[in-house]
Amino acid sequence: MRLWGRQLRQATSLRGGQAAGRLAGATPEEAEALLARYVDHAVCERALANPHAAVRERAKALLAEVAESGDWFARDILARLAGGS
C-alpha cells in the first residue's frame with residue numbers, strides 16, 4: 001500500500017513509540033505533523049485518546065487506510081470502535 005510504504009521510509013527520524021507518547025496531548029497541528037512522519041496501528045490507537053475530535057477523526061481515517069492493506073490489528077481496533085467486540 002502506498003501510505004504504508006511511504007510511512008515506513010519516513011520513520012527513520014521518529015519511531016512509533018515516540019510519536020505515540022506525544023499524541024495523547026498534542027494539538028491538532030502537532031498531531032498532524034507526527035502522523036505525517038509515522039503511522040501504524042499503535043500510533044493511531046494512541047491518537048484516539050487525544051482530547052481533540054480532529055485528531056481522533058484523523059486517526060480513524062488512517063486506521064481505515066492501514067486496515068485496507070490487511071493489517072489485522074487496525075481491523076480489530078476499528079471493529080472495537082464500531083462496537084463489534
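- In plain terms, the two heavy atoms of Pro51 and Ala24 that are nearest each other are CD-O, 3.3 Å.
- With rounding to the nearest 0.5 angstrom, the CD atom of Glu68 is 9.5 Å from the CZ atom of Arg75.
- Residue Leu81 holds its CG atom at 8.5 Å from CD of Glu45, rounded to the nearest 0.5 Å.
- Side-chain contact between Arg58 and Glu32 is present, with heavy atoms from C-beta onward closer than 4.5 Å.
- Shown are Asp71, Leu48, Val66; of these, the side-chain contact (heavy atoms from CB on, under 4.5 Å) with Ile77 is made only by Leu48.
- The residue from Asn50, Leu34, Thr27 that alone fulfils the side-chain contact (heavy atoms from CB on, under 4.5 Å) condition with Val55 is Asn50.
- Atoms SG and CG, from Cys44 and Leu35 in turn, are 6.5 Å apart once rounded to the nearest 0.5 Å.
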